[in-house]
Amino acid sequence: MMHLADSTEHIRIGSGGVMLPHYSPYKVAENFRVLEALHPNRIDLGIGRSPSYQLVNRALNESKGKRLSYEQQIEDIRNFLSEPADGHRFQDLTAMPVIETAPELWLLGTGRGSAEIAADQGMSYAFAHLGNPEGGMDAVDHYRKNFRPSPLLESSKVMIAVFAVVAETAEKAEALATAFDLWLLTVESSSPPPYYPSVKTALERGVSALEREKIRHNRRRMFIGTPDQVAEKIRKAAETYQADEVTIVPNVFGAENRMKSITLLAEELGIKKV
Amino acid sequence: MVIYNVLDYSPIDEGSDGRQALLATTELANLAENWATGGSGYPNIIMCARLPAAVPKC
C-alpha cells in the first residue's frame with residue numbers, strides 16, 4: 001500500500017481488507033497511522049474477518065492463546081485511531097505516530113452480523129455483493145437504521161463491492177468469465193490456487209457436473225458483458241442499495257485484460273473522459 | 001454522486017509471477033491517478049487486498 005501511495009498523489013489507497021482476527025489491533029493501527037502520516041486523507045482501512053485457509057490460519061495463529069472478540073478488536077482499533085478522552089481500555093498507550101488525521105475505517109461484510117457491528121461502532125460499511133448477494137438489502141437497511149455516530153464518522157456510509165467481467169464484445173467477456181469461473185472454484189476450495197488460470201487452461205480443463213452447478217450459482221455474484229451492459233448493472237445495483245460508493249473488482253485473467261476491462265468501464269461510467 | 005473504486009487482488013496470472021502481479025497493480029493505480037487528475041471530478045480509489053495465501057499482502 002505504501003508503494004501505491006508513494007506512486008500516486010490524488011487517489012485514495014486502502015485495504016480490502018485486513019483480516020483483523022489474525023492481527024493485533026494496536027499493530028494494525030500503527031501501520032495505518034504510518035501510511036496516513038505520509039499520505040494524509042488518502043488512506044482507507046478496510047477490515048474483515050475471513051478465517052482464510054486452514055493452514056494459513058494455523059501459520060498466523062498457532063502461537064496465540066486467548067483470542068479477543070472481533071467486536072473488541074474493532075473497538076480497540078477505532079480507539080487507537082481516534083484517541084477518545086475516556087473509555088479506551090488502553091488509555092495510556094498511543095499508537096504511533098501521533099497525527100492530526102485518521103484513516104477512514106470500513107468494515108467489510110456479507111450479512112447482518114457485520115452490518116450490526118459497523119452500525120454499532122460507527123464505521124462505514126462495505127457490503128460484499130460479490131461474495132453473497134443474498135441478504136444484502138437486509139444488511140444495508142439494518143446498518144443504516146441502527147448507525148451510531150462515532151468520533152471517526154458522523155453519518156452512515158455504504159459501499160457495495162461487485163465482480164465485473166468486461167470486454168469489447170459479449171463473446172470475449174464470456175471467454176474471460178470462463179477463466180474467472182475456474183479461478184473462483186479453486187480459490188474457494190480447501191487450498192489456495194497457485195495462479196490465476198488462463199482462458200485456454202480453463203477451456204481445456206472443462207468442469208464436472210458438480211462444478212457446473214457451482215458455477216451457475218457463482219454467476220449471480222458477477223456482472224459479465226460489454227461495457228454498457230455491465231455499467232447498467234452497476235448503476236442499478238448502486239441505486240438499489242442507495243450506495244454512496246461502488247467498488248469494482250475487475251478480476252479477469254491477464255494484466256492487460258484487467259486494465260482494458262476497467263478502462264472500458266471507466267469510460268462508460270463517465271469516470272474517464274473519452 | 002456515487003464514488004467508484006477499483007479493487008485489485010494482484011492475482012498472479014498463469015505464466016506470470018508475483019513481482020509482475022504487484023507491478024500490474026501499481027500500473028492500475030497510475031491509470032486511476034490519471035483519471036483523477038484528468039478533470040473528471042471523480043475520486044478514485046485503488047484498494048489492494050490480500051487473498052488468502054494467494055498473493056503477497058499489500
Side-chain angles (χ1 to χ4, degrees), chain A residues 1 3-5 7-19 44 46 48 50-53 55-57 59 159 161 179 183 187 191-198 200-201 234-235 238 243-251 253-256 258-259 262-263 265-266 269-273, chain B:
Chain A
M1 280 181 62
H3 175 69
L4 295 178
S7 303
T8 53
E9 288 181 42
H10 300 87
I11 62 171
R12 299 180 66 88
I13 306 289
S15 59
V18 173
M19 297 302 132
D44 291 333
S50 166
S52 189
Y53 298 104
L55 275 178
V56 174
N57 200 350
M159 174 195 291
W183 176 80
V187 84
S191 55
Y195 53 73
Y196 192 114
S198 68
K200 182 171 177 285
T201 295
I234 288 173
R235 286 194 189 99
D244 302 287
E245 304 196 15
V246 174
T247 288
I248 299 162
V249 188
N251 201 36
F253 172 77
E256 280 183 23
R258 285 192 291 281
M259 221 67 81
I262 201 64
T263 301
L265 208 46
L269 289 168
I271 300 168
K272 175 181 181 287
K273 295 271 195 261
Chain B
M1 182 178 73
V2 174
I3 294 173
Y4 292 102
N5 313 299
V6 178
L7 190 153
D8 189 61
Y9 283 136
S10 300
I12 300 172
D13 297 309
E14 182 182 344
S16 186
D17 58 40
R19 176 179 160 76
Q20 292 305 316
L22 291 171
L23 290 175
T25 299
T26 308
E27 202 178 334
L28 192 57
N30 288 324
L31 196 68
E33 178 76 6
N34 288 336
W35 298 339
T37 54
S40 69
Y42 287 79
N44 294 278
I45 308 177
I46 293 282
M47 302 180 82
C48 46
R50 178 184 189 274
L51 259 194
V55 295
K57 186 180 177 202
C58 295

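Quick note: numbers below take in every heavy atom, side chains included, and nothing from hydrogens, waters or symmetry partners. Just so it is clear: chains get the letters A, B, ... in the order the sequence lines come, proteins before strands, and each one is counted from 1.
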A/Glu9 versus chain B, the contacting section by heavy-atom distance below 4.5 Å: both
Whether B/Asp13 side chain and A/Gly254 backbone form a donor-acceptor pair below 3.5 Å: yes
Non-hydrogen side-chain atoms of A/Leu4 and B/Thr26 separated by less than 4.5 Å: yes
Considering all heavy atoms, the nearest B/Glu14-A/Phe253 contact: N-CE1, 3.6 Å
Residue pair A/Arg12 / B/Ile3, side-chain heavy-atom distance below 4.5 Å: no
Choice from A/Ala243, A/Pro250, A/Ala179, A/Ala238 maximising heavy atom contacts with chain B below 4.5 Å: A/Pro250
Any A/Thr8 side-chain heavy atom under 4.5 Å of B/Asn30 side chain: yes
Close side-chain approach of A/Arg258 to B/Leu28, heavy-atom, < 4.5 Å: no
Where B/Leu7 and A/Gly16 come nearest, the two heavy atoms and their spacing: CD1-O, 3.9 Å
CG on A/Asp44 to CG on B/Asn5, rounded to 0.5 Å: 7.5 Å
Within 6.0 angstrom of A/Glu256 CD, more than 12 heavy atoms from elsewhere: no
Proximity breakdown for A/Ile234 and chain B, heavy-atom pairs closer than 4.5 Å: side chain
